[in-house]
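Written out below as structure tokens is the structure these notes cover.
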Amino acid sequence: MKAWELRLPDSLFTELKRHLFPGDGDEHGAVIAVGAAQSPRGRRLLARQLFIAEDGVDYIPGQHGYRALTANFVARVSHFCAQNRLGYLAVHCHGGRDEVGFSDVDLASHRRGYPALLDIMDGRPVGALVFAENAVAGNIWSQNGIEPLELATIVGLNHQRLYPVLPQHPTISDEIYRRQSLLFGARGQAILRGAKVGILGLGGVGSLINEWVARLGVGEIVAVDFDRVAPSNRPRLVGAAPWDTLDFLLTSRWLWLRRFGERLSRHKVRIARRVALGANPQIRYHAIVGREVDAPVAAELKDADFLFLCADSMQSRLMFNALVHQYLIPGVQIGSKVSLDPDSGDILDVFSVARPVLPEPGGGCLWCNQLISPARLQEEALPEEQRRRQAYVDDPAIEVPSVVTLNALAASAAANEFMFSLVGLHDEEGVLPGYRMAAPRARRWSKVACMAEAGCLHCGRGKKSVFARGDDAALPCRAAPTN
Amino acid sequence: MSAEIKAAVEEAIGEVRASFASHKVDVEADDQGGAFARVHDVPIGSGFMPNLSWIGFQITFQYPFADVYPHFLRSDLARANGQPLAKPLNPGSAFPLPSGAVSAVLLSRVSRNRDPLTDTAVVKLAKVIDWLRAQ
Amino acid sequence: MTSHHSNVPGPSGAQPKQAVVLNDVLFPMPRAQMAARDILDQCGQDRAVVLQRDYNSPVDHIFADHDEVDLRQGNVFRTVPRREPVAPTAGHGPPKLAFVADDAWEVTVTPDQTGRMLKSLLGLPESARLFRDYHSPHDQPIGNEEVVHFSDGPVFTVKELVLTIKVNNQSVTVHERRLKGLQIKEAAMAQGVKIKLDFVLYALDRDGNLGPAIPDGETVKLHECKGFRCVAPDDNS
């Protein structure tokens, strides 16, 4: 049976921890309403909303044990969870630090009350968590029986992982990673090896991310791109070689041969796979020729630990933003832009940007920060011919500049964002990352604070928001044709 | 080719039907989960001849995040004052229904500061009708 | 109000049972026509109050003690402090009418109801067997499409009632329209719902909102509830 993991946004965990461990050494309680997601990799519970049990009101001296949640609190919160199609996780704390488990009183209480809660939840998970300062244990009740929680991942600027017992971390990493593991230790290397990363777009930026992430020793990559390499983009694609584009066909004076050559040019994801395997032969690599807006492709991404958005379509941005918030997967959107005066060709602006997006209000939601254009979403859904007729297509004679070193500027910021987050080495704790923007001509980096709208359908907590709903909400995928 | 219409698009179509209950509303699925809708016999004001038109639009599969535009009207639409149709109205276009394109006048009005919760397809249609009636 | 003022005897010539609702409490009455003072006496009211018929309007009618009251013209009353002389009143709306089934009543201003309408008013399933209650062993069955007149007798009885309620989303079959909290839990437990008798019971109203805890001794009108939740009282999770 696949393992259970709980993922919590940093702000929710901070609030919970403050309540459970205020420094009085006493026991406190709460409930977390959770979404759920299932994939071949495992089962995830996604913390959506926290209900604090007020001491003396909702959490009182118990008949069977030291403290107990009142029936009124349990009834009210379980009813909320049932009405909102969420699972129910009761929480309390014990003393201790690196190891925790349920007492016999706790387990007896579960046996007494959880069968009724399972009926109320109508098939959604019911469970209990007990926290110590640096540990968490959990029992998840479902139609499959009672199963333990394997770990809890707190998704923030720095990721944290809590286990029932602090695991013995490896002390030695592979020799080939020795130099980098001097920074984050064998433990950090193990975290990278266990990570699954999604890369959306394997063009100029994505191909750089792909190589670096592979060289870091990440264990699994899902790479998505529908496009093929061409002579015009080959210089910016890491690992692309002349035989990938069959130049001799593409430069033929015969149109049919040129078209044939285009059809035979290698897909970008295949080149990326070759590069990744060359860097890390043990990597599990999924090269998907396709679009992230197709449901089977999105399904491969929903259990990732991190997402890199290196594609520049609005549909990709919307899907990325949805995955981040619906499945509590942190990510970075990367881009660089050179804008020229259309008449004179003068350089107007050059910037590179890495936009970390955490599943938090103010965490960089692309929708709240107006980085997803509703008009462009509509245009991108139209067939190219219709877009041309409705004059949405840019003049193909006008090309937008793209330079590998500018791509590398934002890509390296994003790659380091990923690395420091995953191994927990960012300086700041509990803050929101903000966007990082480089103005290379001025040799300046700046941080941009992010906005949040309370009613956002991705990062908000309103009834219609998909935040932490996992498989219960629909991703913005296009439907497959039926005829 | 068509595909099953996504739930959010179905909901939007339901709202259009409810708001235009006395009008014929045709719906055709597109091939990605969106749909084309056409509301018939909409009074568009005395500024146009004829002053009743069908209004068609496509709700694409990433609605409610995607805007709903352009809108299409009957191809023989003309200004009552005899002046030619000017931007944002574009004559000589076609409403690209899957069952066959229909000649149309295109009206392109992009929503600014769009809120997916409140700027629904039916609200957008109402704004388009208000704009037409104000001409 | 319909002009149908019959006192139609039932099978075997028996008279239909009568009842009044006084100050929201149900009292059986021996016949349809009684002096106001007699009604108050049967309801245990002292002489400091007089009888007022409740109409669906701001103006209600006050009866002097010796006034004859015809219950077929309305059987919902309240008491008001006695003030002499009793002021005459006029221009009131339709009287409130209490239809009664097995000691539970519902108030309406519509005197003519089909069997189906009456069952819906009383919160009974359509499959319930409804009978007009007479002062005899033989009660009159009422069909779903049959029209019943209030003035023919407002008291009914239900036989072989089968109601299905939901406790923690599990179906539970009961045979009464009103049950105490403990009885609901007992029925649920007997039918396999995974609760214990010391669990705390809550009702969901028709909008699905959770109500307050229901004590074991409190009577619940089942037809007013969409379902029930029942949870352990002491959760050490």
Side-chain angles (χ1 to χ4, degrees), chain A residues 291-295 298 313-322 325 365-368 370-392 451 453-460 462-466 472-483, chain B residues 1-12 28-36 57-72 87-88 90-99 101 103-121 124:
Chain A
R291 295 179 189 267
E292 51 279 340
V293 291
D294 290 324
S313 74
M314 290 297 152
Q315 288 183 352
S316 301
R317 287 188 181 187
L318 186 69
M319 178 58 75
F320 165 85
N321 210 53
H325 293 98
C365 172
L366 298 184
W367 182 265
C368 290
Q370 301 183 341
L371 292 164
I372 302 175
S373 160
R376 288 263 311 270
L377 278 177
Q378 194 274 351
E379 292 160 24
E380 286 176 10
L382 305 179
E384 178 150 344
E385 190 197 325
Q386 193 180 334
R387 287 162 64 195
R388 200 178 302 283
R389 263 194 270 116
Q390 288 171 196
Y392 298 145
M451 297 184 291
E453 294 173 13
C456 178
L457 294 178
H458 280 174
C459 71
K463 261 185 116 61
K464 291 195 167 189
S465 159
V466 301
D472 189 64
L475 284 167
C477 297
R478 62 185 178 187
T482 53
N483 59 10
Chain B
M1 277 212 298
S2 67
E4 189 177 329
I5 298 175
K6 302 208 76 178
V9 178
E10 284 280 19
E11 191 180 328
E28 286 182 41
D30 67 20
D31 61 353
Q32 296 182 101
F36 293 85
F57 47 93
Q58 183 182 8
I59 307 172
T60 53
F61 73 94
Q62 285 184 326
Y63 176 91
F65 295 95
D67 196 358
V68 180
Y69 88 105
H71 291 70
F72 297 84
K87 278 189 176 2
N90 296 280
S93 187
F95 184 39
L97 286 169
S99 57
S103 297
V105 169
L106 182 154
L107 170 58
S108 182
R109 288 184 63 78
V110 176
S111 296
R112 307 283 172 212
N113 302 314
R114 193 170 171 282
D115 179 346
L117 278 174
T118 54
D119 294 323
T120 59
K124 182 68 179 277

Which answer fits A:Ala375, side chain, backbone, both or neither, if we ask what part of it has an atom under 4.5 Å from a heavy atom of chain B? both
A:Gln315 versus chain B, the contacting section by heavy-atom distance below 4.5 Å: both
What part of A:Cys456 gets closer than 4.5 Å to chain B, counting heavy atoms only: side chain, backbone, both or neither? neither
Verify, without hydrogens or angle tests, whether B:Gln32 (side chain) and A:Ala381 (backbone) share a donor-acceptor contact under 3.5 angstrom. yes
So, the side chain of B:Gln62 versus the backbone of A:Pro476: is there a donor-acceptor pair under 3.5 Å, distance only? yes
Do you know which of A:Ala474, A:Pro374, A:Ser373, A:Ala480 has the most heavy-atom pairs under 4.5 Å to chain B? A:Pro374
Under the ring-ring contact (aromatic ring centres under 6.0 Å, His included) rule, collect the residues that match up with B:Phe72, sequence neighbours excluded. B:Phe95
Rounded to the nearest 0.5 Å, the CG atom of B:Asp31 sits from the CZ atom of A:Arg478 at a distance of 8.0 Å
A:Gln378 side-chain N/O to B:Tyr69 backbone N/O, donor-acceptor pair under 3.5 Å: yes
Which heavy-atom pair separates A:Ala479 from B:Gly33 by the least distance, and what is that distance? CB-CA, 3.8 Å
For B:Asp115 and A:Glu453, what are the C-alpha separation, side-chain angles and deciding distance, and is it a side chain to side chain contact (heavy atoms under 4.5 Å, CB included)? CA-CA 10 Å; B:Asp115 179 346; A:Glu453 294 173 13; 5.9 Å; no
Kindly give the heavy-atom pair with the smallest separation between A:Gly455 and B:Leu117, and that separation in Å. O-CD1, 3.4 Å
Quick one: ring-ring contact (aromatic ring centres under 6.0 Å, His included) partners of B:Phe65, sequence neighbours excluded? A:Trp367, A:His458
Heavy-atom pair count under 4.5 Å with chain A, highest-scoring of B:Asp67, B:Ile59, B:Asn90: B:Asp67
